[in-house]
Amino acid sequence: MGDDSARSVSAGTGVDSTQAPEPSSLPAAQAEAEGASVSPPPLEESIEQLEAGIERTLQSTNMADCDHALSKLLPAVVRRDALDAGRFVKTLAPEAMREEALSHVALAWAAQDPEGALGWVSQLPISEQRTRMLNGCIFEIALTNPAQAVTAAQRFGLEKDQPGVLANLAQQWAANDLSGSLSWAQSQPSGALRDQLLARIAFVQS
């Protein structure tokens, strides 16, 4: 019985039970679901690679590609190094694209570092573009901190040329902190602006 006892064959299958089973491999999707590592994650692109990609993409005539570069790739650079992003967009051409890129940098920067963004924008040459960027930053800040946005608007004197800015910000502030916004409005000098601020706050209160 020497060889026969050492080896047995499963009935009806013809499979030699002494043979080592072949290793099973999970399908990629199943392996991922079960926590198995299918392949290493892609390496994160460097700032230089992102900037090169943005520059190439902005040469495209496809507006969807350009929008992706400005609204997705450029904020990714800002998150890593906002100052570098600011330097980079100043080198872009044509001028219209450069101005739009500057605005996107300002908004992304204001979302993560309000004072840093305002400081950067304030150093740009005085122009309509600079004013628009300040407005954009301030309203971006107002999404999370209306009181800070109001203070910034007053610091840069935006109410002088755009009286509606403070009223809009005061209304946003009142929606988040009625008593705080009311105290601030009441402390403003008497006049048409103060009356407008109180009217906006009263509207929220009602």
Side-chain angles (χ1 to χ4, degrees), residues 47 50 54 63-64 66-90 97-206:
I47 289 178
L50 283 170
I54 291 168
M63 293 310 297
C66 293
D67 182 67
H68 176 75
L70 293 174
S71 62
K72 301 296 182 184
L73 301 182
L74 190 52
V77 177
V78 174
R79 284 192 294 272
R80 297 203 212 164
D81 189 335
L83 197 57
D84 182 81
R87 286 194 295 264
F88 163 67
V89 295
K90 289 179 182 179
M97 191 62 71
R98 181 166 64 249
E99 289 185 356
E100 190 171 354
L102 281 166
S103 295
H104 277 79
V105 168
L107 289 177
W109 196 338
Q112 68 183 37
D113 176 14
E115 288 304 319
L118 290 171
W120 176 70
V121 174
S122 67
Q123 293 175 10
L124 297 174
I126 296 176
S127 64
E128 290 184 6
Q129 167 76 0
R130 176 181 178 271
T131 301
R132 286 195 299 270
M133 289 169 66
L134 282 172
N135 274 339
C137 286
I138 286 169
F139 278 98
E140 181 68 32
I141 295 166
L143 294 175
T144 55
N145 193 335
Q148 184 181 10
V150 166
T151 301
Q154 287 184 301
R155 188 198 321 163
F156 291 105
L158 296 185
E159 75 278 5
K160 295 175 184 177
D161 298 322
Q162 305 171 75
V165 168
L166 272 183
N168 288 335
L169 292 172
Q171 186 169 337
Q172 283 186 254
W173 188 0
N176 289 275
D177 176 12
L178 184 61
S179 61
S181 63
L182 183 58
S183 296
W184 167 77
Q186 290 173 334
S187 70
Q188 300 306 300
S190 298
L193 177 59
R194 181 177 183 272
D195 292 342
Q196 187 180 15
L197 296 172
L198 290 171
R200 290 291 191 98
I201 294 171
F203 173 78
V204 174
Q205 188 174 24
S206 65

Worksheet item: Which residue pairs pass the salt bridge (Lys or Arg N to Asp or Glu O under 4.0 Å) test with at least one member in residues 167-181, sequence neighbours excluded?
Response: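 For residues 167-181, and leaving out neighbouring residues, there are no salt bridge (Lys or Arg N to Asp or Glu O under 4.0 Å) pairs at all.
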Worksheet entry | Full working for side chain to side chain contact (heavy atoms under 4.5 Å, CB included) between V165 and F139 | CA-CA 9 Å; V165 168; F139 278 98; 4.2 Å; yes
Discussion item. Test your reading of the model: is there a side-chain donor-acceptor pair from Q112 to the backbone of A82, 3.5 Å cut-off?
Written reply: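 Absent.
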Separation between [atom1] of [X] and [atom2] of [Y], rounded to the nearest 0.5 Å:
X    : Y    : atom1 : atom2 : answer
W120 : D113 : CH2   : CG    : 12.5 Å
S181 : L169 : OG    : CG    : 11.5 Å
L182 : Q205 : CG    : CD    : 6.5 Å

Looking only at non-hydrogen atoms, find the nearest pair between [X] and [Y] and report the distance.
X    : Y    : result
S122 : F156 : CB-CE2, 3.5 Å
I138 : A149 : O-CB, 3.4 Å
A76  : L50  : CB-CD1, 4.2 Å
A69  : I54  : O-CG1, 4.2 Å
R130 : P125 : CD-O, 3.4 Å
A85  : V77  : CB-CG1, 3.7 Å

Worksheet entry | Residue pairs fulfilling side-chain hydrogen bond (donor to acceptor under 3.5 Å, both in side chains) with at least one residue in residues 78-90, sequence neighbours excluded |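 Those involving residues 78-90 do not exist here.
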Worksheet entry | Listed once per pair and sorted, the side-chain hydrogen bond (donor to acceptor under 3.5 Å, both in side chains) pairs that draw on residues 140-149, sequence neighbours left out |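 Residue pairs passing side-chain hydrogen bond (donor to acceptor under 3.5 Å, both in side chains), neighbours aside: E115-Q148, N145-Q148.
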Would you give me the side-chain donor-acceptor pairs under 3.5 Å for residues 194-204, sequence neighbours excluded?
| residue | atom | partner | partner atom | Å |
| --- | --- | --- | --- | --- |
| R194 | NE | Q186 | O | 3.3 |
| R194 | NE | Q188 | O | 3.2 |
| R194 | NH2 | Q186 | O | 3.3 |
| R200 | NH1 | N168 | OD1 | 2.8 |
| R200 | NH1 | Q171 | OE1 | 3.0 |
| R200 | NH2 | N168 | OD1 | 3.3 |

Worksheet item: Under 4.5 Å between any side-chain heavy atoms of T131 and Q162, yes or no?
Response: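 The answer is yes; the side chains approach within 4.5 Å.
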Worksheet entry | Non-neighbouring partners of A101 that pass side-chain contact (heavy atoms from CB on, under 4.5 Å), sequence neighbours left out |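 Applying side-chain contact (heavy atoms from CB on, under 4.5 Å) to A101 gives L70, L74, V89, L92.
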Worksheet entry | Residue list, side-chain contact (heavy atoms from CB on, under 4.5 Å) with Q129, at least two apart or on another chain |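 With sequence neighbours excluded, Q129 shows a side-chain contact (heavy atoms from CB on, under 4.5 Å) to E99, L102, S103, S127, R132, M133, given in chain and number order.
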Item to complete: Start with the C-alpha gap between W109 and L118, add the side-chain angles, then the distance that decides, and say whether side chain to side chain contact (heavy atoms under 4.5 Å, CB included) holds.
Response: CA-CA 9 Å; W109 196 338; L118 290 171; over 6 Å; no
